[in-house]
There are 4 protein chains.
Amino acid sequence: MNSIHPNAALALNARDRSRIETRRRLLETGLELFARQGVADTRASDVATAAGVAVGTLYLHFKDKQGLLRAIMREGVEELMGALQRMALSPAPDPAAAVRAHTEVLVRFAESHTGLCRILFDPESVRKNVSTEITEHLAAMLELRVREGIADGIIVPGIDPVVAAHGVVGMLLQVLDWWTRNPGIATADSVIETLTRLRLSGPYQGSEA
Amino acid sequence: MNSIHPNAALALNARDRSRIETRRRLLETGLELFARQGVADTRASDVATAAGVAVGTLYLHFKDKQGLLRAIMREGVEELMGALQRMALSPAPDPAAAVRAHTEVLVRFAESHTGLCRILFDPESVRKNVSTEITEHLAAMLELRVREGIADGIIVPGIDPVVAAHGVVGMLLQVLDWWTRNPGIATADSVIETLTRLRLSGPYQGSEA
Amino acid sequence: MNSIHPNAALALNARDRSRIETRRRLLETGLELFARQGVADTRASDVATAAGVAVGTLYLHFKDKQGLLRAIMREGVEELMGALQRMALSPAPDPAAAVRAHTEVLVRFAESHTGLCRILFDPESVRKNVSTEITEHLAAMLELRVREGIADGIIVPGIDPVVAAHGVVGMLLQVLDWWTRNPGIATADSVIETLTRLRLSGPYQGSEA
Amino acid sequence: MNSIHPNAALALNARDRSRIETRRRLLETGLELFARQGVADTRASDVATAAGVAVGTLYLHFKDKQGLLRAIMREGVEELMGALQRMALSPAPDPAAAVRAHTEVLVRFAESHTGLCRILFDPESVRKNVSTEITEHLAAMLELRVREGIADGIIVPGIDPVVAAHGVVGMLLQVLDWWTRNPGIATADSVIETLTRLRLSGPYQGSEA
DNA sequence: GATGAATGAGGATTCATTCAT
DNA sequence: GATGAATGAATCCTCATTCAT
């Protein structure tokens, strides 16, 4: 379509640049408003207006309001996944280190993406199953690890992998949800430390079931 | 007014009985419909009609739709609290037994109150802060226990009580939510076992923090 | 019905006394609430409860809410008419004195029946034509006087009696309405004086038509 | 945006024209329906449908039903004020002529804006304080004149300006209300004549206070 | 006569989405 | 591509009134 341009692959003409810029502004504004006032209390036209375009334009870029919501989440999740993958590049010396690293990535991400966390737990996200998808995705990833752990003999066999995965996801997300709503009550380090210990060996001293 | 009746304090006249019965039917029907179709997709008049009364009657017994929702939850939570208190009457020999008993009560409760669990996690409950109240209540109770555990030296001091409490609540509720939605994937015993182990010592063998 | 009583005409049995007392309390309470919160914002059950009876009882005494409203007004208007008739017993020496006396009765009545005035001008009274009836009644009375005045040659013939009557009624009622809402701004004497002058010869000095 | 157009300031594009036209139709239809059936008995959707648009469109142009009512009144009142100001441009030779001119403007306006008068006295207008505002506005204007008259010595000092102003407003509005409801009973000229005389010197011959 | 639980019609308002310009 | 006026389905809640007890 832009084939007239001699270097079409690299250079974008003004229209394309403007379109991309508009889309970016909608995502940004949506993130901001959804996080601040809640998804249900943010009108599609609010986002459009705040982004400096007409409502109709929003619908040119996204199928519907939920489409915008999903796109915002997708971007955020992709970033999180990227962080998790980067973490995986430098393998941990032992499972304990791996769990700590994993926890740290999540907590740091929540710390720097408060708005995204608020949206993730927004009732509307839940209602439209947007956040369930993410929860299930994380649970599936963890379930895999638990199964590996069991196979490697480092996780006790009495554990049901699916249940455990959902338990850990619940623990992580609930804490992150609570923490982003009450950031002053605990430091990031404290949250990381506590979650890591809980994930590794529960709260009890020299614990064995 | 009922003074003719020899046992006026216990006996209710027909009108009172009818009122109480109507209220009970509304609570029951509300639980059923809210759980099945979701709170937002259940009209106030749906509940009333299904309960065999007119809409106005619902508003005679409850302030509004949310009032009905809260009442349903309150009844359920009171029942759960009762079960937890009964459990507390026969003190566990050791912390591990206490955690197992606590977990068992929750899982059994979820098993026999599926509808209530579905409502607790309904987006509308979340949106109206009905479920947040319950989450925070549970977290507060657990926080107390964690603090006691630290004082008694059975919980490692590196743990932040508030974070840990929210973590455990998140773990429990997420698993119960998932399990009541997918009851066939794990047995109650397996869920109890896994949650108990996770709460006690995490998933790992001979764990060390 | 009470014929068993030897002096049925004078003595009322307990039931009758109670019924009359209940009716009186409903009228009193209705006047109070209607005046304070407005007719539309006062529920039938509000009045009943405040009067210490059940809603149903209100409907035993009055056909409906409007019936209560009418009864309250009727009592007030009868009282006003009584005052006007008493005034008519001692005929004024001249038309000017008559007008002044008439005005004074109205203003004094408004002063001591603020609640009734508020109800008279309540939108709901207007809507249900309750106050229009009164307005028209007053206008009809005044129209008669104007016609007499024309016949007696003391009122100029260019005046249309119906128009004049409505004009004077409007003047009186608007002032009373305003004054009962803002009682501090003018004294009763000042209101009487001003209205009397306006009714007699308009505001202007040594007036000439 | 319309910069291509040689006379952009005056010319409106099709969309703007359509919006203004829609608004005008809503105002017109609202005036018609409110006057005919009363404000309370006219549904918002009635107005919209009769105006050939959907309900939502009404709420696009006006905050709510009352907003439409206020807009209708505002337009009418502005027109009346314009007429009164035009009248003030050619000053009357004497106070009597001024009063007559003022009265005439009001009566002629009522004659040609019957619907607006009906709405002004609609209980719903009263209830929402829409008409009180107008009454008070007129009273404030008249009060000013009375004060001037007193200062100029042409109005007798015994008159309280606020009371007199409300009295005259009440007289004028009550007559106009009655007359627009019963237009056949008196001619416009007769109404003007009677009101003028009443305002100037009261109904009595060679009157003395 | 008194009670008060039950009735149920009725209407304003919102906001995601469309489509003619 | 961008615009933004128009759409209209959808639902909550009130409260005057009744009538079985």
Side-chain angles (χ1 to χ4, degrees), chain A residues 14-16 18-19 22 40-49 52-68, chain B residues 1 13-23 40-46 48-49 52-67, chain C residues 14-16 18-19 22 40-49 52-68, chain D residues 1 13-23 40-49 52-66:
Chain A
R15 174 171 289 183
D16 284 347
S18 143
R19 190 177 50 201
T22 297
D41 291 338
T42 303
R43 330 270 141 263
S45 64
D46 286 350
V47 178
T49 306
V53 296
V55 225
T57 306
L58 189 155
Y59 284 84
L60 289 177
H61 287 269
F62 306 95
K63 182 177 170 294
D64 50 21
K65 187 180 164 184
Q66 199 189 144
L68 171 62
Chain B
M1 295 219 171
N13 60 33
R15 183 172 284 177
D16 284 345
R17 256 183 286 120
S18 146
R19 188 184 51 205
I20 291 171
E21 164 66 10
T22 298
R23 186 189 150 93
D41 292 337
T42 302
R43 278 175 268 122
S45 64
D46 286 349
T49 306
V53 295
V55 221
T57 305
L58 190 157
Y59 287 89
L60 198 65
H61 286 268
F62 307 96
K63 186 179 168 293
D64 51 20
K65 191 177 156 183
Q66 197 190 143
Chain C
R15 175 171 288 181
D16 284 346
S18 143
R19 191 177 50 201
T22 298
D41 291 338
T42 303
R43 328 272 142 262
S45 64
D46 286 349
V47 178
T49 305
V53 296
V55 224
T57 305
L58 190 155
Y59 284 85
L60 290 177
H61 287 269
F62 306 95
K63 184 178 169 293
D64 52 21
K65 187 180 164 183
Q66 199 192 141
L68 171 62
Chain D
M1 292 218 173
N13 61 32
R15 182 172 285 178
D16 285 344
R17 255 182 288 121
S18 145
R19 188 184 51 204
I20 290 171
E21 164 67 9
T22 299
R23 186 190 150 93
D41 292 336
T42 303
R43 279 177 266 121
S45 64
D46 286 348
V47 178
T49 305
V53 295
V55 221
T57 305
L58 190 155
Y59 286 87
L60 198 65
H61 287 268
F62 306 96
K63 186 180 168 293
D64 50 20
K65 191 178 158 181
Q66 197 190 145

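Order of the sequence lines sets the chain letters (A, B, ...), proteins ahead of strands, with each chain counted from 1.
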K.L.:
Using whole Å, report how far OH of A/Tyr59 lies from C1' of E/dC19.
P.N.:
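From A/Tyr59 OH to E/dC19 C1': 14 Å.
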
K.L.:
Figure out the CG/P separation between A/Leu60 and E/dT18, and round it to whole Å.
P.N.:
11 Å

K.L.:
Taking CG from C/Leu58 and P from F/dA16, how many angstroms apart are they, rounded to a whole number?
P.N.:
10 Å

K.L.:
Quickly work out the C/Asp64 CG to F/dT18 P distance and round it to whole Å.
P.N.:
8 Å

K.L.:
Quick one: look up who F/dT21 pairs with, Watson-Crick or G-U, both distances under 3.5 Å, and put none if it's unpaired.
P.N.:
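By the stated definition (distances under 3.5 Å), E/dA2 pairs with F/dT21.
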
K.L.:
Answer with base, sugar-phosphate or nothing: what part of the nucleic acid does B/Ser18 contact at a heavy-atom distance below 4.0 Å?
P.N.:
sugar-phosphate

K.L.:
For the side chain of C/Thr57, counting heavy atoms from C-beta on, which of E/dA12, F/dA2, E/dT3 is nearest?
P.N.:
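My answer, after comparing the listed nucleotides, is E/dT3.
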
K.L.:
Rounding to an integer number of Å, can you tell me how far A/Asp46 CG sits from E/dT14 P?
P.N.:
13 Å

K.L.:
Between E/dT17, F/dA6, F/dC13, which nucleotide gets closest to the side-chain atoms of B/Lys65?
P.N.:
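Out of E/dT17, F/dA6, F/dC13, the nucleotide with an atom closest to B/Lys65's side chain is F/dC13.
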
K.L.:
Nearest whole Å is fine: how far is E/dG4 C1' from C/Arg43 CZ?
P.N.:
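Atom-to-atom, C/Arg43 to E/dG4, this comes out as 17 Å.
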
K.L.:
Over how many whole Å does the gap from B/Arg19 atom CZ to F/dT21 atom P extend?
P.N.:
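It works out to 16 Å between those atoms.
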
K.L.:
By nearest atom, which of the nucleotides E/dT21, F/dC13, F/dG8 is closest to the D/Arg15 side chain?
P.N.:
E/dT21

K.L.:
Mind checking if D/Thr42 touches a base, just sugar-phosphate, or nothing, with heavy atoms under 4.0 Å?
P.N.:
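Contact class for D/Thr42: sugar-phosphate only.
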
K.L.:
Roughly, in whole Å, what's the span from CZ in D/Phe62 to P in E/dA12?
P.N.:
15 Å

